[in-house]
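Here is the naming used below: chain letters follow the sequence lines, and residue numbers restart at 1 for every chain.
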Protein chains: 2
Amino acid sequence: MADHNKRGDTIIRKLRENGHKITPQRLAIVKILAVSDGHPSVEDIYEQIRTDFPTMSLATVYRNILLLKSLGEVLELGFPDGSNRYDGNKPVPHPHVICIRCKKIVDPVLDSLDEMKKEVALETDFKILNHRLDFFGICSSCMAENK
Amino acid sequence: MADHNKRGDTIIRKLRENGHKITPQRLAIVKILAVSDGHPSVEDIYEQIRTDFPTMSLATVYRNILLLKSLGEVLELGFPDGSNRYDGNKPVPHPHVICIRCKKIVDPVLDSLDEMKKEVALETDFKILNHRLDFFGICSSCMAENK
DNA sequence: ATGTTAAGTGATATTTATTATCATTTAATA
DNA sequence: TATTAAATGATAATAAATATCACTTAACAT
């Protein structure tokens with residue numbers, strides 16, 4: 001196939017380096033996560049793969065996500081409603097903007113983030129290691145549908 | 001008692017306005033949440049009250065938090081590890097700084113927040129309704145203990 | 001004060017998401 | 001091709017939150 005999935009290759013390499021086998025199921029999961037523009041949920045991934053692998057187990061999806069998280073190759077996005085979605089494309093903490101209507105997730109580029117991190121460290125005297133910035137709202141296309 | 005709990009009174013008033021009864025259990029829960037410098041969990045609240053009300057049910061804590069959330073008088077803080085903690089003192093979205101060692105939560109005042117909100121709206125074309133900003137790190141006292 | 005009633009509570013069952021278990025299968029290496 | 005540790009599939013177990021239901025009680029009217 002002519003789909004050179006660079007990010008997927010990186011993940012596969014990382015798995016190999018750490019002595020993990022590359023099974024067809026694992027490959028399918030990685031492939032989806034590496035593209036993951038849509039920040040899929042476990043169920044999303046499961047359903048997507050099940051059309052090709054009817055024998056795929058949900059546990060395998062969970063197991064592989066756990067593994068990929070531990071390797072730092074997938075970022076878990078936990079939402080206030082308790083649902084989790086995953087980003088294997090850019091597995092580093094970064095801001096998200098989520099549409100509460102269509103559930104679309106956008107990754108904004110925020111110049112003010114660096115400044116804010118400095119401000120937090122200065123004000124609280126914490127050593128900041130990690131962060132989670134989510135903005136919830138309604139995207140322009142959902143707004144347009146509200147005639 | 002000379003503890004004039006202004007915030008607690010506000011919550012009680014809101015409950016009355018909406019036709020809810022003020023039971024001793026409910027009062028105890030509100031009292032803890034209104035002070036809530038420590039951003040307690042459901043279990044925290046349950047354990048605290050159980051010393052005085054040995055008959056208190058965990059379900060009652062959940063029920064009352066649900067009610068207070070629906071009235072906008074309590075803010076639920078959901079964390080990446082799946083745990084939830086509650087803020088009845090300032091039930092409006094605001095940034096938190098969490099120590100991953102001692103679990104302390106600090107509310108920083110961030111001047112750069114307004115600027116960031118503007119930047120997000122401008123860049124993504126979303127109508128921003130809500131946000132969640134959490135910074136994770138190690139507080140100064142925990143740092144000091146690491147001789 | 002007392003009785004009435006809808007709301008609240010306690011105890012427990014149910015649900016849902018995730019993790020653990022274990023027999024079987026398979027990828028990787030020799 | 002054989003060997004073996006790791007992975008999988010099916011299912012059980014766990015944990016957090018919610019639902020159920022009989023019983024109790026706060027609030028209101030009398």
Sequence neighbours left out, cut at 3.5 Å: what donor-acceptor pairs do the side chains of residues 12-23 of chain A make with other protein atoms?
{"residue": "A:Lys14", "atom": "NZ", "partner": "A:Leu71", "partner atom": "O", "Å": "3.2"}
{"residue": "A:Lys14", "atom": "NZ", "partner": "A:Glu73", "partner atom": "OE2", "Å": "2.7"}
{"residue": "A:Thr23", "atom": "OG1", "partner": "A:Arg26", "partner atom": "N", "Å": "3.1"}

Please write out each protein N/O paired with an N/O of nucleotides 28-30 of chain C under 3.5 Å, distance rounded to 0.1 Å.
{"residue": "C:dA28", "atom": "OP1", "partner": "A:Ile22", "partner atom": "N", "Å": "3.1"}

Expressed as a whole number of angstroms, how long is the span from B:Ile12:CD1 to D:dA26:C1'? 13 Å
In whole Å, I'd like the distance from the CG atom of A:Leu27 to the P atom of D:dA6. 20 Å
Report, one line per pair, each donor and acceptor closer than 3.5 Å where one atom sits in a side chain of residues 95-103 of chain A; sequence neighbours left out.
{"residue": "A:His96", "atom": "ND1", "partner": "A:His94", "partner atom": "O", "Å": "3.2"}
{"residue": "A:His96", "atom": "NE2", "partner": "A:His94", "partner atom": "NE2", "Å": "3.0"}

Distance-only donor-acceptor hits, side chain of residues 113-122 of chain B, under 3.5 Å, sequence neighbours excluded:
{"residue": "B:Glu119", "atom": "OE1", "partner": "A:Ser112", "partner atom": "N", "Å": "3.2"}
{"residue": "B:Glu119", "atom": "OE1", "partner": "A:Ser112", "partner atom": "OG", "Å": "2.5"}
{"residue": "B:Glu119", "atom": "OE2", "partner": "A:Asp111", "partner atom": "N", "Å": "2.6"}

Bending between helix ends of the helix from C:dA1-D:dT30 to C:dA30-D:dT1 [5 pairs per end, 10° resolution]: 30°
Could I get the full list of side-chain contact (heavy atoms from CB on, under 4.5 Å) partners for B:Asn89, not counting sequence neighbours? B:Arg7, B:Ser36, B:Asp37, B:Asp87
Output all residues satisfying side chain to side chain donor-acceptor pair (under 3.5 Å) with A:Asp52, sequence neighbours left out; order by chain, then residue number. none
According to side-chain contact (heavy atoms from CB on, under 4.5 Å), who are the partners of B:Thr60, at least two apart in sequence or on a separate chain? B:Gln25, B:Ile29, B:Met56, B:Ser57, B:Arg63, B:Asn64
Of all residues at least two apart in sequence or in a different chain, which pass the side-chain contact (heavy atoms from CB on, under 4.5 Å) check with A:Glu43? A:Ser41, A:Tyr46, A:Glu47, A:Leu58
Sequence neighbours left out, what pairs pass salt bridge (Lys or Arg N to Asp or Glu O under 4.0 Å) with at least one residue falling in residues 89-98 of chain A? A:Lys90-A:Asp107
At under 4.0 Å between heavy atoms, which parts of nucleotides 10-19 of chain C does protein reach? Answer with one letter per nucleotide, 5' to 3': B base, S sugar-phosphate only, - none. BBB----SSB
Give the rounded distance in Å between these two atoms: CZ of A:Arg50 and P of D:dT8. 17 Å
Atom pair distance, as rounded to whole Å: OH in B:Tyr46 and C1' in D:dA17: 15 Å
For the backbone of B:His39 and the side chain of B:Arg85, can you confirm whether one donor and one acceptor N or O come within less than 3.5 Å of each other? yes
Excluding sequence neighbours, so at least two apart, what forms side-chain contact (heavy atoms from CB on, under 4.5 Å) with A:Pro24? A:Phe53
